[in-house]
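See below for the structure under consideration.
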Amino acid sequence: MKILLIHGPNLNLLGRREPQIYGTAGLDEINRRMQRTAEENGAELRVFQSNSEGALIDAIHEACNWADGIVINPGAYGHYSYAMRDALAAVALPTIEVHLSNVYAREEFRYKSVISAVVIGSICGLGWRSYLCAMESLIGILSDREQAARPSITPL
Ligand code: DQA
């Protein structure tokens, strides 16, 4: 099982960036925890962060050549990037959207996600644990699907 974890703009600054909102865990630390979770579940994890919309879209396109699913924190692009939404819809990989902060308890522009309609589900407000929930859920969903796709042998 292969998973792509994508971090959008400004998330390279985690740990230093508004820690009262996003927590004190840095991106490397979060990635390490997610690598561990993937390993424990027999999954392969690749991680990508970019501040640029085009690079994120390229990574989503690339993912359909190798990944079984995506966990994405789109950062602010999630609120308005129709291009990112279309990329996720185009590759049609099972995807979970993540936000560290509770976007519904913040500024009004954060209430809207343009990618929510093309993902399996969204998790927000749990800090770095939002990523953990998303990873564990995606692994569970992918293995359910794998099992359902296996031909069942009916005993004689
Ligand atoms: C965020 C929430 C977004 O509104 C914000 O622009 C971010 C981070 C989060 O993880 O809480 O960059 O995606």
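Just follow the structure's listing: the first ligand is 1, and inside any ligand the first atom is 1.
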Self-check item: Whether Asn41 side chain and Ala43 backbone form a donor-acceptor pair below 3.5 Å
Solution: no

Practice problem: Report the C-alpha separation of Glu107 and Arg110 in whole Å, then their side-chain angles, then the decisive distance to 0.1 Å, and conclude whether the salt bridge (Lys or Arg N to Asp or Glu O under 4.0 Å) test is met. | Solution: CA-CA 6 Å; Glu107 302 91 332; Arg110 296 185 205 274; 2.7 Å; yes

Quiz item: Can you tell me how far CD1 of Ile139 sits from OG1 of Thr37, rounded to the nearest 0.5 angstrom?
Solution: 7.0 Å

Quiz item: Can you tell which part of Ile21 has a heavy atom less than 4.0 Å from ligand 1: side chain, backbone, both or neither?
Solution: neither

Quiz item: Can you tell which part of Asn10 has a heavy atom less than 4.0 Å from ligand 1: side chain, backbone, both or neither?
Solution: neither

Self-check item: Protein contact to atom 5 (C) of ligand 1 [nearest heavy atom, distance to 0.1 Å]
Solution: Arg110 NH1, 3.2 Å

Quiz item: Going by distance only, is there an N or O of Ala76 that falls short of 3.5 Å from an N or O of ligand 1?
Solution: yes

Exercise. Quick one: do Glu97 and Ile120 satisfy side-chain contact (heavy atoms from CB on, under 4.5 Å)? Show the steps, please.
Key: CA-CA 8 Å; Glu97 174 187 7; Ile120 298 173; over 6 Å; no

Practice problem: Output the list of atoms in ligand 1 that are nearer than 4.0 Å to some heavy atom of His79, sorted by atom number. | Solution: 3 (C), 4 (O)

Quiz item: At under 4.0 Å between heavy atoms, which part of Arg17 makes contact with ligand 1: side chain, backbone, both or neither?
Solution: side chain

Quiz item: For atom 1 (C) of ligand 1, what's the nearest protein heavy atom and its distance?
Solution: His99 ND1, 3.6 Å

Exercise. If you have a sec, work out which protein heavy atom is nearest atom 9 (C) of ligand 1 and how many Å separate them, to one decimal?
Key: Leu100 N, 3.3 Å

Quiz item: Can a salt bridge be assigned to the pair Glu40 and Arg36 using a cut-off of 4.0 Å between side-chain N and carboxylate O?
Solution: no

Quiz item: Would you find a donor on one side and an acceptor on the other, under 3.5 Å apart, between the side chain of Tyr111 and the backbone of Val103?
Solution: no

Quiz prompt | Distance from atom 11 (O) of ligand 1 to nearest protein heavy atom, with residue and atom | solution = Ser101 OG, 2.6 Å

Practice problem: Indicate yes or no for a side-chain donor-acceptor contact from Ser130 to the backbone of His99 under 3.5 Å, with no hydrogens or angles considered. | Solution: yes

